[in-house]
Structures are given as structure tokens and as C-alpha cells.
Protein chains: 2
Amino acid sequence: MATELTVLEPVSTSCCSPVTGGVLSDAEARSLAARFKAMGDPSRLRLLSLIAATESGEACVCDLNESLDLSQGTVSHHLGILVKAGLLTRTKRGQWSFYALVPGAMSTLARALDA
Amino acid sequence: MATELTVLEPVSTSCCSPVTGGVLSDAEARSLAARFKAMGDPSRLRLLSLIAATESGEACVCDLNESLDLSQGTVSHHLGILVKAGLLTRTKRGQWSFYALVPGAMSTLARALDA
DNA sequence: TCGAGGCATCGACAATCGTCAATGTACGCG
DNA sequence: CGCGTACATTGACGATTGTCGATGCCTCGA
């Protein structure tokens with residue numbers, strides 16, 4: 001039912017508790033894993049790349065729904081997960097919902113892999 | 001169900017810019033997602049960080065098993081997943097199995113997040 | 001005011017996951 | 001040889017996941 005992962009740490013400014021830079025605490029591991037888990041699905045990765053590839057930097061569900069061979073409800077579900085993971089933002093404008101990448105979210109994640 | 005009537009291309013349908021450009025292919029998305037999924041678990045992230053933090057760059061199950069509050073079988077299971085994902089290597093030496101990071105695996109993943 | 005389009009949410013389902021205890025396998029040492 | 005250690009594998013389980021169809025909620029335009 002209700003997802004249990006309540007936590008959002010919207011912005012962990014603590015740039016990186018890098019995976020390769022010292023032993024991760026329990027909390028750090030959970031926070032990082034939550035974001036990696038959100039990217040651990042092909043459909044969600046394609047959603048991210050579709051949004052990133054748009055000219056305006058955002059896309060509405062109607063477009064994404066056409067590109068991915070998934071039902072509208074499923075696409076909405078995936079987008080919600082990406083928002084909750086702090087990777088996307090949702091902006092309602094008129095009739096449409098526009099999704100855009102959270103600036104720096106990917107880079108922060110990337111930096112957690114290098115250090 | 002689908003209406004047969006020829007539609008008129010309503011002008012207002014252009015709600016957003018067309019999604020084009022470098023989108024992930026199905027295979028690319030699956031390959032990337034598999035690796036991210038492997039990192040989408042706190043226990044596995046801690047395993048990675050524990051191994052990365054070792055002086056020699058490798059660790060055996062007995063050490064890791066003590067650091068994570070998990071059964072030996074579970075640790076072995078997680079390590080197997082990380083090996084299968086291409087993030088760790090396994091080397092049997094005598095009585096022990098030593099796990100080490102695959103050089104460059106993390107960086108490659110990190111680079112996939114920046115582009 | 002009504003109808004239709006865009007989207008989120010719900011309920012259900014099979015599939016997969018994380019975990020454990022128990023068992024199996026290989027090695028090293030008396 | 002027989003025993004103990006280190007690890008892998010198995011079988012089972014509850015929990016979570018990805019997906020769908022159906023339904024509900026807004027917003028817009030006629």
C-alpha cells in the first residue's frame with residue numbers, strides 16, 4: 001500500500017558520501033540506495049533520458065506515454081517514483097503536468113560513485 | 001473502441017515540444033538499469049564501500065559478514081549479485097574468496113549520469 | 001453547464017526481491 | 001582419514017515491485 005519510504009531528504013547537500021570513499025553508515029547507504037533503486041528500472045531510465053532530451057527540458061505525460069509502450073497509469077506511477085526520489089520535479093500547468101530533471105541531482109549521484 | 005473517424009489534428013494538441021534526440025534504446029536502458037538495480041540496496045552499497053575501504057582493495061566474506069548484520073548466506077548472495085552486475089570480481093585463494101572492485105566500473109556508471 | 005481530455009490513484013495480479021536456516025562443497029590441518 | 005573452517009547453494013517465506021484496467025479528480029472549451 002502506502003509506500004513506506006517516507007523519507008525524502010529532498011536535497012542531500014552533503015555531497016556525497018561516496019561509495020568508494022569510506023564506509024557508508026546505515027543511513028547514508030539507505031539514502032543512496034533509494035536513489036539508485038529509482039534508476040534501477042529500464043522504463044524509468046528511458047523516461048529520464050526522454051525528458052533530458054527535450055528542447056525545453058521538460059515533458060508532459062502525454063508525450064512520454066507515446067514513446068514508451070506502457071499504459072498511462074504506469075507512466076504516471078514511474079514518474080511519481082522519480083519525483084519522490086528527488087530526480088524529477090513536477091509542475092502542473094493548465095491541463096498538463098510537466099516533468100523536468102532536478103538540476104544537479106544526477107551529477108550528485110555521479111559524484112558519489114567516483115570519489 | 002478506437003474511433004474510426006478521421007481526426008482533424010487539433011491544433012491544441014501540441015502541448016509540448018517533441019521528444020527527440022539521444023534517447024536510450026531499450027537495450028541500453030536495460031543494461032544500465034541492471035547495474036543501478038544492483039546498487040539499489042543498502043546492504044550491497046555497504047558491501048561495496050567496505051571493500052573499497054580496505055587497504056588491499058579486497059576482502060573476504062568472513063570480514064564482510066562481521067561488519068554487516070546479516071547471515072553469511074545473505075552476504076554471499078549479495079556479493080554474487082554484485083559480481084554478476086560487473087561491479088566486483090571474485091578470486092578464490094586457498095580457503096577464502098576475495099572480492100574486489102572492478103576497476104573503472106563505478107566511473108563508467110558515473111559517466112553515464114553526467115552526459 | 002456539460003463533455004472531453006490529461007493525469008493521478010486504486011485494486012488486483014504475477015513476478016521478483018531480501019532474508020534466513022539448513023544443507024552442500026571444497027580446502028586445510030591434525 | 002576425519003574434523004573444522006570458509007563459502008556457495010537451496011528451499012522457503014513475507015514483502016515489495018511493475019504492470020494493467022478501471023475509476024476519480026481537475027481543467028479547459030463549447
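Residue numbering restarts at 1 for every chain, and letters A, B, ... go by the order of the sequence lines. All figures in this text were calculated on a predicted structure; none of them were measured in a lab.
Using a 4.0 Å heavy-atom cutoff across all strands shown, A:T74 reaches at least one base atom of the nucleic acid. Contact annotation for A:Y99: backbone-only contact, meaning every heavy-atom pair under 4.0 Å involves sugar-phosphate atoms and none involves a base. Residue contacts shown for A:G94 are limited to sugar-phosphate atoms, with no base heavy atom under 4.0 Å away. Here A:H77 lies in heavy-atom contact (under 4.0 Å) with a base. Among the protein residues, B:R90 comes within range of the sugar-phosphate backbone only, with heavy atoms under 4.0 Å from sugar or phosphate atoms but none that close to a base. Using a 4.0 Å heavy-atom criterion, one finds that B:S76 contacts the bases of the nucleic acid, with or without backbone contacts as well.
In terms of heavy-atom proximity, A:L101 sits nearest to A:A52 at CD1-CB, 3.7 Å. Contact record, A:A29 with B:L45: O-CD1, 3.6 Å, taken as the closest heavy-atom pair. Contact record, B:I51 with B:T54: O-OG1, 2.7 Å, taken as the closest heavy-atom pair.
Distance CG (B:N65) to C1' (C:dA21): 14 Å, rounded to an integer number of Å. The separation between B:E58 atom CD and D:dC7 atom P is 12 Å, rounded to whole Å. Rounded to an integer number of Å, the gap from A:F36 CZ to C:dG18 C1' is 19 Å. Rounded to whole angstrom, the span from the CG atom of A:D41 across to the P atom of D:dT16 amounts to 18 Å. Separating the NZ atom of B:K84 from the C1' atom of C:dC17 is a distance of 14 Å, rounded to the nearest angstrom. Taking atom CH2 of A:W96 as the reference point, atom C1' of D:dC25 lies 17 Å away to the nearest angstrom. When rounded to the nearest whole Å, the span between CE of A:M39 and P of D:dG18 equals 14 Å. Taking atom CG of residue B:L45 and atom P of nucleotide C:dC17, one finds them 16 Å apart after rounding to whole Å.
Looking only at distances, no side-chain donor or acceptor of B:S31 sits under 3.5 Å from a matching main-chain atom of B:E28. Side chain of B:S49 to backbone of B:R46: a donor-acceptor contact under 3.5 angstrom is found.
Residues B:C62 and A:K92 both approach DNA chain D. Their nearest nucleotides, taken by heavy-atom distance, put B:C62 toward the 5′ side. Position along DNA chain D of the nearest nucleotide to A:Q95 versus A:R44 favours A:R44 as the more 5'-ward residue.
Between the side chain of B:Q72 and the base of D:dA6, no donor-acceptor pair of N or O atoms lies under 3.5 Å.
Looking at the side chain of A:I81, the nearest of the listed nucleotides C:dC20, D:dG18, D:dC7 is D:dG18. Checking C:dC20, C:dG18, D:dC20 against the side-chain heavy atoms of A:L70 singles out D:dC20 as nearest.
Using a 4.0 Å cut-off between charged side-chain N and carboxylate O, B:R111 and A:D114 make no salt bridge.
Here B:S43 does not reach the OP1 or OP2 of C:dG18: none of its side-chain N or O atoms lies under 4.0 Å away. Contact between the side-chain N/O atoms of B:K37 and the OP1/OP2 oxygens of C:dC17 is found at a separation under 4.0 Å.
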